[in-house]
Each structure stands twice: as structure tokens, then as C-alpha cells.
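Have a look at the structure below before the remarks.
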Amino acid sequence: MMDCAHYRRAILADPHDHNADMRLHRDTCQDCSRYTDQVRRFEDRLDRALRLESSAEVRDRPGVLPFRIRDAQTLRLRRGWLAAAASLLLAVVVAGSLWLAVPGPSLAADVVTHMAGEPRAWARSDVSVPERTLDQVLAESQVRLRANPGLVSYANSCLFRGHHVPHLVVQTDSGPVTVMVLTHESARTATRFDDHGYLGMIVPVPGHGSIAVLERGPGTDMNAVERVAAKVIGAIDWSA
Amino acid sequence: MKDAIGGNQKRARFQALCQALRPDLLRFAFWLSRDRALAEDVVQETMLRAWKAQDSLLDEAAAKPWFLTIIRREYARSFERKRFVTLDVDELIAKEEPMLAAADDHDVEELRAALFKLPDEYREPLVLQVLMGYSTAEIAAQLQLSNAAVLTRLFRARKQLRTLCGEDTRMDPEESRLDPEE
């Protein structure tokens, strides 16, 4: 049986939680029933406070593009000058370093954005995709496997920056690691990134583009990312 | 010709999606940043990035969490790009007066001022829950926290808000640690 303190903590964390234990407690405890009314009145106020009805919608006139392309381009140009100056300074400071904590609007950022749109690809699994599916996905980018890259639980051909690219998930001890085979994206040096929960790297494959390898979540491990990168690069026949 | 029609349809669909979601995205970005101009920049950048990456969105039903993920990253990036001057909360409120002008009663106004004072790590899950209608599990997935950590933050957020707004807190419970990491 739930006690008052437990009930009140739960109702304060989620005033609309209606699980059976809580209902039972509320129905039998007058104080907690009164407390619930008090919390819910506060919740109505909170809801109204967060809505920001009028001003937030001022710019949402029907028929207007949801974003202003020209404004954005101007913004980018303005930022471009600042970025050029900042890059120069940054280049001096971090010359030689491969670590980029903030990848900015880069290939790494686009890879992370792509991954955020495919949550199903992050599932842990011990079931491999059929070999035929994997071959087909890779064949679309004119590559094929010549060795086993590990347990591949997901293989899909995804549109990325205007090209169909193989998107694979390799299961490791530290969790699923995603690989994107980017035959259209060349990279000069290996770049590691740590982008808000996504840990990964872009590895150049001289003459054949690059691969992006990343992991997310609390158990992320750059060593696992590096191991998978090395294994996949070695397993792919790039001149198929 | 066929490509052009396909391109137009794609653009129209994306535009409709953005138009439907934009008010909520702006609100979310505003409560995240507490700065209207920054919120608009972040939403703008988010939509451009989403437009470029729209092929990644396989299921339109997942659009909202996808956009929210991009907003959080764009906001964090803008924060890392700039060095913000520390502002007094009262100054922030005064600066955002037009955005907050919809308050038609003192209670709501007072609560908005309290929301401005709430630490980011408590305000964000609260906005996701109240404004976006997210469940505890969905907030946990979005913020990469455990369910227990989310519940602890939500509990603390409301408790602090109630105190800041001068509510009668005599019946409020004491905290019990739901999540050892919090």
C-alpha cells in the first residue's frame, strides 16, 4: 500500500499519473486528495505560463515559408566572416589535434542528425541481417564484403547528402555501433567527435571516400568505435 | 519534369510539417534558451538542417522528437559558439517582455518569472512534459537519462516553482532519492 509521502512525490513528478495504486491511495486519503487538487490547480497555471500563446505565433502567418531562406543565407554569410577569423585562430591553437569536440555544421554533424532520425537502428540485437540484404545494400555503393565485420544487425540504404549510402549497425560488447559507408565523402584526416551523447569518428579511406562510425548513450567507448572502424574498413572490398 | 514535381511535393510536405510544428518548436527553444531572438535563430537553423537531412526521417510520426533533438543540439552549439554575458533574471524577463506579454493574469506572470529562475536541467524535462506532452520514458530517451532521474528532476522542478511562487508547501513531501546519480 502506497504511503502519503510516496504518493505526493509521485503526483509532484507527474500530476496526471493515474496508476491504480495512486488512485486507490487518493480515494482513501483525504489529505492527499486535497493535495492533488492543489497540485493540479498549480499545473493548470503552469500549462498556461508555458504556452506563450500570442507572441510565439506572431510570425506563423499562413502561406509564409516556415523559415526564411534569404535571411538564413545572410546569417550564414555574416557568420562566414566571423567563422573565417575564428577558424584561423582555432587552427593555430589546435593545429595537429584530431579531436574536435564541436564539429559544427560538418559531415560529423550531418551524420549525427541522420542518426537521430533513425532510432530503430540503435536497438541491441543478436540477430544478423540476411547476408543477401547486406550484399544488396553494399552493392548500391559499388562495394562488397570480403571478410566478416562482426554481427551486423541492421543494413539499410539511406539517402544522405544526395546519395544512397550503406548504413550498417554492428553489435559490440559496449552496444550497437553505427557505420555509414560514405563513398562520396572524402576526408583529409581522421576526425573524432563527441556530439551531445554521440561519440564517433570519420575515417578517410584514400581513393574511396570515408566511413563514419558512431555510438551513443552512457556506455560509449571510443575504443569500440575505433575497433569497428578498423574492422569494417578491412572487411570491405572497395574496388568491387 | 517528374523530378521537379517530386521535388515540389517534397518541399510542400516538408513546409506543411514545419508549419504545423513551428509554434511548439519555438516555445520549446524559447524555454530552453530564455531568449526570443536566440530561439528564433535556433529554430531557423534546425529547419535548415532538417531540410538538408529530411531523407533521414523515415516516419513522419517521429518528426517532433527528431526536430526536438536537432533543436537541443543546435542550441548547445550556439551556446558553445558564443560566450554569453551573465544576465540578471529580472533583466531577462524585462528583455522578453513582448514574448511574455500574453500573460493575462498576475499568477501566470509570476510563474513565468519563476520558470526563468529554474535551473536548465529542471526546466527542460518540465517543458517536455507539460508543453510537449511527453511521457517519463520519452523524456528519458530524449535527454538520455534514466526514468528515475527524470522523475527526480520533475519533482524538484515543481517543488522549486511552488516555493518561488509562494504556494502553500506545508503538504509538499521531502525528497527521497529515486536516482542515486542525481
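In what follows, chains are A, B, ... by sequence order, proteins preceding strands, each numbered from 1.
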Practice item. Look at A/P15, A/A5, A/C32, A/A10 and state which one has the largest set of heavy-atom pairs under 4.5 Å with chain B. Key: A/P15
Check your understanding: If every non-hydrogen atom of A/T113 is compared with every non-hydrogen atom of B/R73, which pair is closest and at what distance?
Key -> OG1-NH1, 3.1 Å
Check your understanding: Any side-chain heavy atom of B/R49 within less than 4.5 Å of one from A/D110?
Key -> yes
Point to revise | Donor-acceptor contact below 3.5 Å, side chain A/R45 vs main chain B/V108 | key: no
Point to revise | Donor-acceptor contact below 3.5 Å, side chain A/Q38 vs main chain B/M171 | key: no
Review point. Hey, is CG on B/D120 packed in by over 12 heavy atoms from elsewhere, all under 6.0 Å?
Key: yes
Exercise for review: Flag the pair B/E167 and A/R41 as a salt bridge only when some basic side-chain nitrogen lies within less than 4.0 angstrom of an acidic carboxylate oxygen.
Suggested key: no
Check your understanding: Tell me, do A/E43 and B/R158 make a side-chain contact under 4.5 Å, heavy atoms counted?
Key -> yes
Exercise for review: List the atom of B/R162, the atom of A/L12, and the distance in Å for their closest heavy-atom pair.
Suggested key: CD-CD1, 3.8 Å
Review point. What heavy-atom pair brings A/A13 and B/Q129 nearest, and what distance separates the two atoms?
Key: O-NE2, 3.1 Å
Practice item. Would you please name every residue forming a ring-ring contact (aromatic ring centres under 6.0 Å, His included) with A/H184, sequence neighbours left out? Key: A/H163
**Study point:** Spatial distance of atom CD (B/Q144) from atom OH (A/Y198) [nearest 0.5 Å]
**Key:** 6.5 Å
Check your understanding: Does any heavy atom of chain A fall under 4.5 Å from the side chain of B/L115, the backbone, both, or neither of them?
Key -> side chain
**Study point:** Over 12 foreign heavy atoms within 6.0 Å of CZ, A/R40
**Key:** yes
Review point. Is the backbone of B/P173 close enough, under 3.5 Å, to the side chain of A/R8 for a donor and an acceptor to pair up by distance?
Key: no
Check your understanding: Between B/E174 and A/R9, does at least one N-O distance fall below 4.0 Å, as a salt bridge requires?
Key -> no
**Study point:** Pairs satisfying salt bridge (Lys or Arg N to Asp or Glu O under 4.0 Å), at least one member in residues 22-31 of chain A, at least two apart
**Key:** A/D31-A/R34
Check your understanding: With respect to chain A, which residue among B/L21, B/D172, B/D24 yields the maximal number of heavy-atom pairs within a distance under 4.5 Å?
Key -> B/D172
Practice item. Name the region of B/L161, side chain, backbone, both or neither, that has any atom closer than 4.5 Å to a heavy atom of chain A. Key: both
Exercise for review: To the nearest 0.5 Å, tell me how far B/F28 CZ sits from A/L50 CG.
Suggested key: 11.5 Å
Check your understanding: For B/Q54, is it the side chain, the backbone, both or neither that has a heavy atom under 4.5 Å from a heavy atom of chain A?
Key -> neither
Practice item. Please look at A/D44 and chain B and tell me whether the side chain, the backbone, both or neither of the residue comes under 4.5 angstrom of a heavy atom of that chain. Key: neither
Review point. Is there a side-chain contact between B/L111 and A/F42, using heavy atoms and a 4.5 Å cut-off?
Key: yes
Study note, to complete from the structure: All heavy atoms of B/V130 vs all of A/R51, minimum pair found to be O-NH2, 3.7 Å
